[in-house]
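Quick notes on the structure that follows.
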2 protein chains.
Amino acid sequence: MTFAASQSRPLAASPKTGEKSAQVAYATIKQRILDNEYAPGTAVLEQALANDLGLSRTPVREAMIRLEHEGLVRVVPRHGMTVLPLAPRDMTEIYQIMIGLELVATEQLAARQPSADEIAPLVEACDAMAAAMERDDLDSWAKADERFHLSLVELCGNRRLAAMVMAVWEQSHRARMFTLRLRPKPTDSTREHREVVEAILAGDPARATRLYRDHREKASGQMVRIIEQYGLTRL
Amino acid sequence: MTFAASQSRPLAASPKTGEKSAQVAYATIKQRILDNEYAPGTAVLEQALANDLGLSRTPVREAMIRLEHEGLVRVVPRHGMTVLPLAPRDMTEIYQIMIGLELVATEQLAARQPSADEIAPLVEACDAMAAAMERDDLDSWAKADERFHLSLVELCGNRRLAAMVMAVWEQSHRARMFTLRLRPKPTDSTREHREVVEAILAGDPARATRLYRDHREKASGQMVRIIEQYGLTRL
DNA sequence: TGATGCGATAACGTATGCGATATTGTGCGC
DNA sequence: GCGCACAATATCGCATACGTTATCGCATCA
């Protein structure tokens, strides 16, 4: 079955020379998952994906293994790779983890008494959120929100922690995108973020973590409520 | 260099029929890492490992990819797979994560007001720790301690969280084994564990988390101090 | 009509082959 | 004696090949 070389090069992700095929496969598939191009539950077989990407099964398999371990897909031997659907329970798990780890990040960062320079990314993200809300631009707001959270965990200096938060963030990406316009407008959100930043800058770990926790638990509650309310049991 | 087929079947991990080679490779290599059979820093090439395990490079590669993503090894293309050495900084990172996540687990578990039956594994682990200390059997104590922590995160019901804690637990396994006899004897430890269990059983999340945090931060401080004191910068 | 056994077939898991490339060793110039 | 260029070679990444096995369709039977 070698007829299918219709696509002799990857469809996405710059096929620059020197870029390893397995990396390209990984990046391409991941992008597609985050962009919701594979509906959760639908199966994709190794060979099909390999043909699609213009590669052999080997690098595709390796990419699939990585994605499975990141919690984005499930691979069942003769049923292919399927994007994991998100149940409300998954969102609860993910929020618990994010809150736990981001609290550690917040605490560590505040305890370090960082300079204004150092936490500039956080301030920038807050500004961007505010500006986006001004324009009623929810997509930009979501991007800025993401920048805030990922900057926070990167700034704390714990690389393992940052990687873990990023993993669950990606797992829940689709759910956030779906519910973005169903949730109440994040009007207070910017203020809450700013307050956390202030506490960090003030070098007050206790206040920073308390504020952050309140903020996150509110967000978590909203999210889970919306998902259940709309019956989105298989996002 | 094909002379090395001296071992035509896996050395460890029951080669039962139906067991996939990649799984065997993964399990065997991981066991060896945890048993400290590969000194951190020494390189193992794909082909060498494949010969050693009596397999081809393909399943070995897949195992290596998994192990790399679990944070146990690093794979550098022409320098083989090397077990990651643990610097004091790594231990700090790992403890921060463990504390953060285990606090979430403790809180959730306590909030659920579990029955005595449900938390039996925790009590059993405490008993085993006490018995081991009685016998001055540090190895058994360490095993019981491990059971306690892993039971806790499993009981909390958040499977992602449990998997994450297990990952960092494994990463730090070697360091714990090395320092087991360098640390002060964990005499208070059993009591501290029991107090946490009591608070959980009492359904008091605030007390449970406070106690747990104190316990863990003490342990973390001890561990890092010992590592630095003995100059174990590359465990 | 629905369940069951069996053969066809497709997908997988692993082995092997091949071209590309980084690394190592060697010889030459300085 | 030291450094550098170049050749030799070992390792890797990917493609392909092959045997195994689960799945599906179909026929048979209750």
Side-chain angles (χ1 to χ4, degrees), chain A residues 1-29 38 41-69 73-83, chain B residues 1-29 38 41-69 73-83:
Chain A
M1 187 165 309
T2 52
F3 70 93
S6 56
Q7 283 291 348
S8 63
R9 61 174 48 199
L11 300 175
S14 60
K16 16 176 184 283
T17 55
E19 185 97 38
K20 310 244 164 60
S21 297
Q23 298 298 323
V24 174
Y26 168 77
T28 308
I29 299 169
Y38 296 121
T42 57
V44 190
L45 295 169
E46 285 181 12
Q47 186 61 260
L49 206 44
N51 290 340
D52 191 9
L53 299 174
L55 300 168
S56 76
R57 282 171 49 220
T58 312
V60 172
R61 263 181 81 85
E62 294 187 358
M64 281 168 50
I65 291 172
R66 287 183 60 182
L67 292 164
E68 179 165 38
H69 276 84
V73 305
R74 198 166 60 114
V75 178
V76 182
R78 280 167 168 80
H79 295 98
M81 178 193 83
T82 61
V83 174
Chain B
M1 187 166 305
T2 53
F3 70 91
S6 57
Q7 283 291 351
S8 64
R9 60 172 53 199
L11 299 175
S14 61
K16 14 174 184 302
T17 55
E19 187 96 35
K20 310 242 164 61
S21 297
Q23 297 297 322
V24 173
Y26 168 77
T28 308
I29 300 168
Y38 295 120
T42 57
V44 189
L45 294 169
E46 285 181 10
Q47 187 61 259
L49 206 44
N51 291 338
D52 191 9
L53 299 174
L55 299 170
S56 74
R57 282 170 49 219
T58 312
V60 173
R61 264 181 79 86
E62 294 188 358
M64 282 167 50
I65 291 173
R66 287 183 60 183
L67 292 165
E68 179 165 38
H69 275 84
V73 305
R74 200 165 60 114
V75 178
V76 182
R78 279 168 169 81
H79 299 225
M81 179 192 83
T82 62
V83 173

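Predicted, not measured: the structure shown is a model, and the values here were computed from it. Chain identifiers are assigned alphabetically (A, B, ...) following the order of the sequence lines, protein sequences preceding nucleic acid strands; residue numbering begins at 1 within each chain.
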Between C/dT14, D/dG13, C/dC12, which nucleotide has the shortest distance from any of its atoms to the side chain of B/Ala22?
C/dT14
Starting at atom CD of B/Glu62, determine the distance to atom P of D/dG13, rounded to an integer number of angstrom.
13 Å
Here the distance between atom C1' of C/dA11 and atom CD of A/Glu46, to the nearest Å, is 8 Å
Separation of C/dT16 C1' from B/Arg61 CZ (nearest whole Å):
14 Å
Round to the nearest Å and state the distance from A/Leu55 atom CG to D/dT16 atom C1'.
14 Å
Under 4.0 angstrom, heavy atoms only, what part of the nucleic acid is A/Thr58 near: base, sugar-phosphate, or nothing?
base
Given C/dA15, D/dG13, D/dA15, the nucleotide with the shortest approach to the side chain of A/Pro59
D/dA15
Side chain of B/Ser21 - closest among C/dT23, C/dT14, D/dC12
C/dT14
Go through the N and O atoms of the side chain of B/Arg78 and the base of C/dA22, and report whether any donor-acceptor pair is under 3.5 Å.
no
Beyond-backbone contact of A/Val75 with A/Leu67, side-chain heavy atoms, under 4.5 angstrom:
no
B/Glu62 side chain vs B/Ala22 backbone, donor-acceptor pair below 3.5 Å:
no
On DNA chain D, more 5' by nearest nucleotide between A/Gln23 and A/His79 is A/Gln23
Looking at C/dC12, C/dT23, D/dA15, which one has an atom nearest to any side-chain atom of A/Leu45?
C/dC12
Between C1' of C/dG13 and CD1 of A/Ile65, the distance in whole Å:
11 Å
In this structure, how many angstroms lie between the C1' atom of D/dC14 and the CZ atom of B/Arg57, rounded?
9 Å
